[in-house]
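We name chains A, B, ... by the order of the sequence lines, and we start the count at 1 in each one.
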2 protein chains.
Amino acid sequence: MTGSQDDTLLERSRRSGLRITGQRRVILEVLEGATDHPDVEELHRKVSAIEPGVNIATVYRTMNTLAEHGLIERHTFEDGRTRFEPAPTDHHDHFIDVDTGEVIEFVSDEIERLQEDIARKHGFEIVSHKLELYVRRIKD
Amino acid sequence: MTGSQDDTLLERSRRSGLRITGQRRVILEVLEGATDHPDVEELHRKVSAIEPGVNIATVYRTMNTLAEHGLIERHTFEDGRTRFEPAPTDHHDHFIDVDTGEVIEFVSDEIERLQEDIARKHGFEIVSHKLELYVRRIKD
DNA sequence: TTCTTTGCAAACAGTTTGCATCGTC
DNA sequence: GACGATGCAAACTGTTTGCAAAGAA
C-alpha cells in the first residue's frame, strides 16, 4: 500500500542495467536519503563517512551515468556548482534560501499554466523550464 | 526625447567612479552592442577583433567590477557558463531556444505576482528570482 | 569470461590572483 | 603623484579522461 520497496534508486538502477557495485550501493543510499540537493563534494563526503576510499571521480562518473539513465536530475543554481536530486516523478520548482543555502521544493499549477500561455504567445512550445526563487525567511 | 546619450554603459561606468581605460572602452562598447547574453570568451573574442592584445583576465576583472557596481547582470544557464547582459532597468525572464541556443527576454506581471503569493504562503520574501523557459519554435 | 566500473593521476576548462608596470584622474 | 587597471604567468576549483587492475553478471 505504501511506496513499494522496488522503487528505490537501487532497484531502478538495476532495472536500467547498471552494475551494482559496493560504491554505487552507498552512493545511491546517500542520494536517496538526501532531502536537499547535494553537489558532488557533499555526496562524496557523506559516502566517505559510510565507506572510506571511494574516489571522487567515481562519484562524478556515477552521477553522470545516473543522469544519462534519467534516474537523477541535474541542477545548476546561481552558485555555479552542479547539484543533483533523485529524479522526481512530479515536476516542481525551487526556493533557495539565500541565508542558509537551503533548497525547498514547491509546485504551482497556476504558474505552470501561465508559462504555457506566454510561450504560446511568443510562438514557442515549452521543452522544460526552471523557476528559482531566491528568498529570505520572513521573521516574525 | 529618445534615450539620452549619457545613459550608455560608458557614462554610467564613469559616474560609478570607474576609470575609463582603452580596454574598458572597447569592452563596454561590445557589451552594449550585444543582443545576446555573451560569456567571457565571446566578449574576449569580439573585443580582440576590435583591439587585439586585451588580456582575458582583464575581461574577467572588468565583468566582476561592472557586476559589483550593478552595471551588468550575471546569469548562469544550464550550460554552466557564466553569461552577462547590460543591467536591465526592467526585470525580465528568459526563453532559451533549445535548438539554436538563442536567448529571448520576456516579462509577465502575472507570473511575478504569483511568485510573490507563493513565497509569502511559504513564509518567505523574494530576494530575486530566475525563470527560464527552455523552448522550441512551433512550426506552422 | 566478458564487459563494466574503479582508483589514481594527469589533463582540462573556466576563473581568480600576485606582482611589477602602466595609465587615468 | 596616487591609486586603480593591466598583462602575464601561476594557482585554483570543478570536472573529465586514459589506463591498468578489480569485480559484477
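- Residue pairs meeting the salt bridge (charged side-chain N to carboxylate O under 4.0 Å, His left out) criterion with at least one member in residues 18-34 of chain A: none, sequence neighbours excluded.
- B:Arg137 pairs by the side-chain hydrogen bond (donor to acceptor under 3.5 Å, both in side chains) definition with nothing, not counting sequence neighbours.
- Rounded to whole Å, atom C1' of C:dC19 lies 14 Å from atom CG of B:Asn55.
- Through side-chain heavy atoms spaced under 4.5 Å, either directly or across other Ile, Leu, Val, Met, Phe, Trp or Tyr residues, B:Phe124 is tied to A:Phe95, A:Ile104, A:Phe106, A:Ile111, A:Leu114, A:Ile118, A:Phe124, A:Ile126, A:Leu131, A:Leu133, A:Val135, B:Phe95, B:Ile104, B:Phe106, B:Ile111, B:Leu114, B:Ile118, B:Ile126, B:Leu131, B:Leu133, B:Val135.
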Seminar exercise, completed: 5' to 3', nucleotides 15-25 of chain D under a 4.0 Å protein heavy-atom cut-off (B base, S sugar-phosphate only, - none) gives BBBB----BBS

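- The interatomic distance linking B:Leu43 (CG) with C:dT15 (C1') rounds to 14 Å, in whole Å.
- Rounding to whole angstrom units, CE of residue A:Met63 and P of C:dT6 are separated by 10 Å.
- Not a single ring-ring contact (aromatic ring centres under 6.0 Å, His included) links A:His44 to another residue, sequence neighbours left out.
- Listed by first and then second residue, the salt bridge (charged side-chain N to carboxylate O under 4.0 Å, His left out) pairs that reach into residues 38-55 of chain A are A:Asp39-A:Arg81, A:Glu41-A:Arg81, sequence neighbours excluded.
- Remark: P of C:dA13 and NE2 of B:His44 are 16 Å apart, rounded to the nearest angstrom.
- Checked against ring-ring contact (aromatic ring centres under 6.0 Å, His included), B:Tyr60 has no partners two or more places apart in sequence or in another chain.
- Helix bend of the helix from C:dT1-D:dA25 to C:dC25-D:dG1: the angle between its two end axes, each built from five pairs, comes to 40° after rounding to 10°.
- With sequence neighbours excluded, no residue satisfies ring-ring contact (aromatic ring centres under 6.0 Å, His included) with B:His69.
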